[in-house]
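Presented below is the structure to which this report refers.
These numbers come from the heavy atoms of this one structure, side chains and all, not from hydrogens, waters or symmetry mates. Sequence positions, counted from 1, serve as the residue numbers for this chain.
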Amino acid sequence: MNSTPSELAVALAAMPDVVAVLVREHVPDARGRCIACGIPGTGTPHLPWPCLLRRVADNARKLHHRPER
């Protein structure tokens, strides 16, 4: 697994309010699908959770809270 954070995670780390929204909205349903990542126009969740956006948001949150070296 690549331990280098993505450029998106690094950029989001500077926007904790945006990260909080992503974390709050990208949660699993009863079937383990991300409720925010639905099939367009249907509202039907279709991506397994954690989805890519949730993983990036989690990485950004870790970067934001990481102590300076």
Partner residues of Arg24 under the side-chain contact (heavy atoms from CB on, under 4.5 Å) criterion, sequence neighbours left out: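 Listed in chain order: Val21.
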The criterion is side-chain contact (heavy atoms from CB on, under 4.5 Å); which residues satisfy it with Pro28, sequence neighbours excluded?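 With sequence neighbours excluded, Pro28 shows a side-chain contact (heavy atoms from CB on, under 4.5 Å) to Trp49, given in chain and number order.
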Would you find a donor on one side and an acceptor on the other, under 3.5 Å apart, between the side chain of His46 and the backbone of Cys37?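 Yes.
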Identify every side-chain donor-acceptor pair in residues 57-64 under 3.5 Å, counting partners at least two apart or on other chains, and give the distances.
| unit_1 | atom_1 | unit_2 | atom_2 | d |
| --- | --- | --- | --- | --- |
| Asp58 | OD1 | Arg54 | NE | 3.0 |
| Asp58 | OD1 | Arg61 | NH2 | 2.9 |
| Asp58 | OD2 | Arg54 | NE | 3.3 |
| Asn59 | ND2 | Arg55 | O | 3.4 |
| His64 | ND1 | Ala13 | O | 3.0 |

What is the minimum heavy-atom distance between Pro45 and Arg31, and which atoms define it?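 Residues Pro45 and Arg31, closest heavy atoms: O-NH2, 3.5 Å.
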Kindly give the cluster partners of Leu53, where membership spreads through any ILVMFWY side chain lying under 4.5 Å from a current member.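 None; Leu53 is a cluster of one.
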Hydrophobic cluster partners of Leu8 (side-chain heavy atoms under 4.5 Å):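 In the cluster with Leu8 are Leu12, Met15, Val18, Val19, Leu22, Val23, Leu52, Val56.
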Just how far is it from atom SG of Cys34 to atom CD of Glu25, taken to the nearest 0.5 Å?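 If I round to the nearest 0.5 Å, the distance is 9.5 Å.
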Just grab all the salt bridge (charged side-chain N to carboxylate O under 4.0 Å, His left out) pairs involving residues 34-51, residues at least two apart or on different chains.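 Qualifying pairs: none.
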